[in-house]
Amino acid sequence: MAKTIQAVRGMNDILPGSSAAWQHLEATLRDVVHAYGYHEIRLPLLEKTELFKRSIGEVTDIVEKEMYTFEDRNGDSLTLRPEGTAGCVRACMEHGLLHNQVQRLWYNGPMFRHERPQKGRYRQFYQLGAEAFGLEGPDIDLEIILMTSRFWRTLGLNGLELQINSLGTAGERADYRERLVAYLSAHRAELDEESLRRLESNPLRILDSKNPEMQAMISAAPSLLEHLGAESRTHFDTLCAGLTAAGVDFQINTRLVRGLDYYARTVFEWVTERLGAQGTVCAGGRYDGLVQQLGGRATPAVGFAM
C-alpha cells in the first residue's frame, strides 16, 4: 500500500472543531480595527524576492535562511511572503495611496518562514497587521498601541506586558551604534558565535540575545535612550505620558531593538510567559525610512503585526 501523503511539516490543517474559535478571533479583531478607522487591504501571497531583500535586508536571518524563494517559469525570483509590511508598502506605492494622503490600513492572512517548527512557531502562520502612513507625531504611535490593548480587553486575555523603547533617528542610532560596537568589541570573548556574526552587520540585534551567559554583559551595555536628541526624547516622553493617561501599564525595555535602518523612534512588543519560546504576541513600531528605501518619497509610518 502506498504511504499516505501528509501536510508539509510546520503547515497545519485547521479542522472543523477549531474553525469556530478562529472565526471568533478574526471577527473580534476585525471589529476593533474597523472601530479605529482602519480599512482592509488584501495582498498577494507571492511577491518579487527583491522586495524583501530591499526591505528586510539581505543580512537578516529571514532573508538568509527562512524565506521560501524559487524561480518561476519566466526565471523571475519569487518569494512567499514572510511578513506583511513590505507588501503593504509596495501596494500603496504602486497604486498611489501615499501621495499627500493619510492611510490607515490592515490585513490578515498566512505568512511563510522555513523555521524549525516548535510550539507557537510554524512554517505557515497567520498574522494580522495594521499600518498607518503620513502621520509624524506620537499621537499615531499611541493610537496603534491603544488599539492593540483593546484587542486583549475585548478578547478577555490577561498576562500580557507592554514593553516599549525608542530607537531615535537614523543619525542618533548611527552614533549609538559606534559606541555599542566599541563596547561589544571590548567584550568580544564573551560573545557567542551568532553575536560575533552580527557584530559587523547588525550589532543592535545582539541586545536581543537570549543567551543566558551574555545577559550580564548586555545589561551593562550603553543605552540607546541616552543618545536621543531633544525631538526624539520629547516624542518618546509624550507617548509614555499618553499611555499613562490611558491607564495602560508598560515597561521601558532599553534592549528592545530592531536591526533595520528604516526603523525610527517608537518600538513596542506585547509579551507573555505563557507561550514558551514564542513569548512575543504582538510587535510594532515606527518605520519612517521604509517607503523611501523602496523608492518612494520619505513618508512617516507606524504599524504592528500579531
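- Remark: Arg188 engages no residue in a side-chain hydrogen bond (donor to acceptor under 3.5 Å, both in side chains) (not counting sequence neighbours).
- Residues satisfying the ring-ring contact (aromatic ring centres under 6.0 Å, His included) test with His99, not counting sequence neighbours, are none.
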Can you give the donor-acceptor pairs under 3.5 Å from side chains of residues 134-153 to other protein atoms, not counting sequence neighbours?
residue, atom, partner, partner atom, Å
Asp141, OD1, Arg286, NH1, 2.5
Asp141, OD2, His235, NE2, 2.9
Asp141, OD2, Thr266, OG1, 2.6
Glu143, OE1, Arg104, NH2, 3.3
Glu143, OE2, Tyr38, OH, 2.7
Glu143, OE2, Arg104, NE, 2.8
Thr148, OG1, Ile145, O, 2.6
Thr148, OG1, Trp270, NE1, 2.8
Ser149, OG, Arg153, NH1, 3.3
Trp152, NE1, Thr148, O, 3.3

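- With sequence neighbours excluded, the residues that form a side-chain contact (heavy atoms from CB on, under 4.5 Å) with Glu115 are Glu66, Arg113, Arg121.
- Under the side-chain hydrogen bond (donor to acceptor under 3.5 Å, both in side chains) criterion, Asp237 pairs with Arg233, sequence neighbours left out.
- Here the shortest heavy-atom pairing between Gln127 and Ala305 reads CD-CB, 3.5 Å.
- Tyr107 pairs by the side-chain hydrogen bond (donor to acceptor under 3.5 Å, both in side chains) definition with Glu131, not counting sequence neighbours.
- With sequence neighbours excluded, the residues satisfying side-chain hydrogen bond (donor to acceptor under 3.5 Å, both in side chains) with Gln124 are Tyr126.
- Residues satisfying the side-chain contact (heavy atoms from CB on, under 4.5 Å) criterion with Glu178, sequence neighbours excluded, are absent altogether.
- Applying the side-chain contact (heavy atoms from CB on, under 4.5 Å) criterion to Asp192, with sequence neighbours excluded, gives Glu194, Ser195, Ser209, Asn211, Met214.
- Looking at Glu83 and Arg81, no side-chain N of the basic residue comes within less than 4.0 Å of a carboxylate O on the acidic one, giving no salt bridge.
- Residues passing the salt bridge (Lys or Arg N to Asp or Glu O under 4.0 Å) test with Asp31: none are found, sequence neighbours excluded.
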Return a table of donor-acceptor pairs under 3.5 angstrom between the side chains of residues 7-28 and protein atoms on other chains or two or more places apart.
residue, atom, partner, partner atom, Å
Ser19, OG, Leu15, O, 3.2
Thr28, OG1, His24, O, 2.8

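- In this structure, the side-chain contact (heavy atoms from CB on, under 4.5 Å) partners of Glu47, at least two apart in sequence or on a different chain, are Pro44, Leu51, Phe52, Arg90.
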